[in-house]
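Working notes for the structure below.
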Amino acid sequence: MSEPRHPVTLVTGATGYIGGRLIPELLTAGHRVRAMARQPTHLADRAWSDEVEVVRADVEDAASVAAAMRGVGVAYYLIHSLGAGRQFEAMDRHNAEVFATAAREAGVSRIVYLGGLYPRGPLSPHLRSRREVGRVLLASGVPTTVLQAAVILGSGSASFEMMRYLTERLPLMVTPRWVENRIQPIAVRDVLRYLVGAATMPAEVSRAFDIGGRQVLTYRQMMQRYAAVAGLPRRRIYPLPVLTPRLASRWVGLVTPVPSGLARPLVESLVHEVVCDEDDIRGFVPDPPEGLLDFDAAVRLALQKVRDEDVATTYYSAVGDHSAEPLPEDPQWAGGDIYVDERSSVVRATPQALWAVIEGIGGNNGWYSWQLGWVARGVIDKLFGGPGLRRGRRRRYQLAVGDALDWWRVEALEVQRLLRLRAEMRLPGKAWLELIVDADAGGRTVFRQRAIYYPRGLGGRAYWWVIAPFHGMVFGGMQRNIAAAAAAAQLAIDRGADKP
């Protein structure tokens, strides 16, 4: 007689920073995992994708969430609407209510939610919304565990990347007064351990828990200790009372890869001290024998992951998921205004050599084009709250669907044939860039390139014609230089093959 199967564990936000790291931990702990995503294709390259059930669902769509909840025992809520505009609080509340209702009606035994650690007194809109989501879930009638964390230390986390780039790029900095506020950071490894442990809490437990690391530090101390671990000289930090969260977030957005729209809630969450009021979680999820990771160890581990290009997920993993928008080949584009810049050339290289250049584009490898133009557009994008060019890429030579790539996101990838990028920069319309490996009738390798733009209103149309004179330098240069790089790589391969 076969053993009864355990209920399914549902993880929302599976393409996000925490969700993408939680799933392998749950699998290791013996859970049957169902990963919920708006774009399941963004999970295809994960090492664990064949071990989980992937479902397409959007938390704004009650019917899809109800379907995803069938047979679920524990449901992780790892979704927020940060960066969704001024209505994000109402959206967060609505989404939490949809999720709570679906969990209750499906007979879910526990909800687990990761929220923020809240200071006493008035809260920023971001923290206020995170607290309200926790309250909605706790009021659902389903036993709920709400974990409340401050700064999460881990390669790719928004808080860590903000601290990392500020410290590395600015040996001398003028900062807001909040650098003197006390914070209790926690390593992402310990956050994941608490999340996994929360799944098996007794049914009568339904409450919030503060979670924090071993030390309480000021933000100034955190930056100085980061510098020491990273082997950097001691930083000179001068706090000023005049830098508001808005100004500080603009400054952070220019200096770091974190867009100002995301930097602002991070900055606002540091305006007040965020220190745990209790450590009751240890009664349900005991500390490991070696204890929680301290600050230095967490930073050391995160930096090693960055150097090894072993960053499993990043803060922008799920940002800019435009799954509801039409693709360039969809029928609904018929009759609309679409502008296309299309170029092609024969390349003296194998398809493999050309593809290697295409897949390595962006980040430190650059865009094989008018460098000044790309940098200038990136700076403008950062000024208006976009990602700019500093976001880079997760791995230097490999891409996967869903990866962020400077101000683009990989929307489609067919190895040695097609790379389609969707623009996430600030612009009055929607844009794609397609890089295609093809062949002509004679069997020669052909590099095809398409820039596709769908304007929004009169301003969108004017934008296209204003930048049209630069297309030759930008897109033409890209076409020529990628082809030349592939030919040079092929020549090097051929010369190496000729050597005895």
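Counting heavy atoms from C-beta outward, Ile361 and Asn365 have side chains that stay 4.5 Å or more apart. Put simply, the side chain of Val191 does not reach to within 4.5 Å of the side chain of Leu147, judged on heavy atoms. The shortest side-chain heavy-atom distance between Arg343 and Arg450 does not fall under the 4.5 Å cut-off. Residues Ile23 and Arg46 have side chains not in contact (no heavy-atom distance under 4.5 Å, counting atoms from C-beta outward). Within the 4.5 Å cutoff, no side-chain heavy atoms of Arg131 are placed close to those of Leu127. Within the 4.5 Å cutoff, side-chain heavy atoms of Val108 are placed close to those of Met69. Taking 4.5 Å as the limit, some side-chain heavy atom of Tyr76 sits within range of a side-chain heavy atom of Val74. Proximity of Glu132 to Asp92: side-chain heavy atoms (C-beta onward) are nowhere separated by under 4.5 Å.
Arg56 places a side-chain N or O within donor-acceptor distance of the main-chain N or O of Arg38, the cut-off being under 3.5 Å. Side chain of Thr12 to main chain of Leu78: a donor-acceptor pair is present (N/O by atom type, distance under 3.5 Å, no hydrogens or angles). Judged purely by atom type and a 3.5 angstrom limit, Glu434 has no side-chain atom pairing as donor or acceptor with the backbone of Leu418. Arg420 places no side-chain N or O within donor-acceptor distance of the main-chain N or O of Glu414, the cut-off being under 3.5 Å. A donor-acceptor pair is defined here as one N or O able to donate and one able to accept, closer than 3.5 Å; no such pair exists between the side chain of Tyr17 and the backbone of Ala158. A donor-acceptor pair is defined here as one N or O able to donate and one able to accept, closer than 3.5 Å; such a pair exists between the side chain of Arg130 and the backbone of Leu114. Side-chain atoms of Gln416 never come within 3.5 Å of backbone atoms of Pro351 as a donor-acceptor pair (strictly under, hydrogens ignored). Put simply, the side chain of Ser155 never gets that close to the backbone of Val311: no donor and acceptor are under 3.5 Å apart. Side-chain N or O atoms of Ser157 include one that pairs as donor or acceptor with a backbone N or O of Ile152 at under 3.5 Å. Side-chain N or O atoms of Arg396 include none that pairs as donor or acceptor with a backbone N or O of Gly360 at under 3.5 Å.
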Go through it in stages, so that I can follow the logic: the residues are Ile18 and Val188, the test is side chain to side chain contact (heavy atoms under 4.5 Å, CB included), and I'd like the CA-CA distance, side-chain angles, deciding distance and then a yes or no. CA-CA 8 Å; Ile18 292 294; Val188 67; 4.0 Å; yes
Intermediate values then yes/no, side chain to side chain contact (heavy atoms under 4.5 Å, CB included), Tyr77 and Val136: CA-CA 12 Å; Tyr77 190 75; Val136 168; over 6 Å; no
Could you walk me through whether Phe447 and Leu435 pass side chain to side chain contact (heavy atoms under 4.5 Å, CB included), step by step? CA-CA 7 Å; Phe447 172 39; Leu435 306 177; 4.0 Å; yes
Let me see the working for Trp367 and Trp408 under side chain to side chain contact (heavy atoms under 4.5 Å, CB included), right down to the final yes or no. CA-CA 12 Å; Trp367 288 88; Trp408 306 92; 3.3 Å; yes
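We find the CG-NZ distance between Asp310 and Lys305 to be 4.0 Å, quoted to the nearest 0.5 Å. To the nearest 0.5 Å, atom CE of residue Met222 and atom CG of residue Leu166 are 11.0 Å apart. How far CZ of Arg409 is from CG of Leu421: 11.0 Å, rounded to the nearest 0.5 Å. Here CH2 of Trp370 is found 14.0 Å from CG of Asn481. Values are rounded to the nearest 0.5 Å. In this structure, CG in Asp406 is found 9.0 Å from CZ in Arg393, a value given to the nearest 0.5 Å. Interatomic distance, Ile358 CD1 to Leu419 CG, rounded to the nearest 0.5 Å: 7.5 Å.
Around atom CZ of Arg70, no more than 12 heavy atoms belonging to other residues, nucleotides or ligands sit under 6.0 Å away. With a 6.0 Å radius and a threshold of 12 heavy atoms from other residues, nucleotides or ligands, Arg461 has its CZ atom above the threshold.
Heavy atoms only, all atoms of each residue included: Thr445 and Thr350 are closest at OG1-C, 3.7 Å. A pairwise comparison of heavy atoms in Val446 and Ser344 identifies CG1-CB, 4.3 Å as the closest pair. Residues Glu53 and Val55 approach most closely at OE2-CG1, 3.8 Å, considering heavy atoms.
A salt bridge is defined here as a Lys NZ or Arg NE, NH1 or NH2 lying under 4.0 Å from an Asp or Glu carboxylate O, and Glu161 with Arg164 meets this definition.
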Report all side-chain donor-acceptor pairs from residues 469-477 shorter than 3.5 Å, counting only partners two or more places apart or in another chain.
none

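Between the side chains of Thr313 and Arg21, a donor-acceptor pair is found at a separation under 3.5 Å. Of the N and O atoms on the side chains of Arg456 and Tyr463, not one donor lies less than 3.5 Å from an acceptor on the other residue.
Taking the six-membered ring where the residue is Trp, Trp374 and Trp407 present parallel rings, their angle staying beneath 30° rather than reaching 60°.
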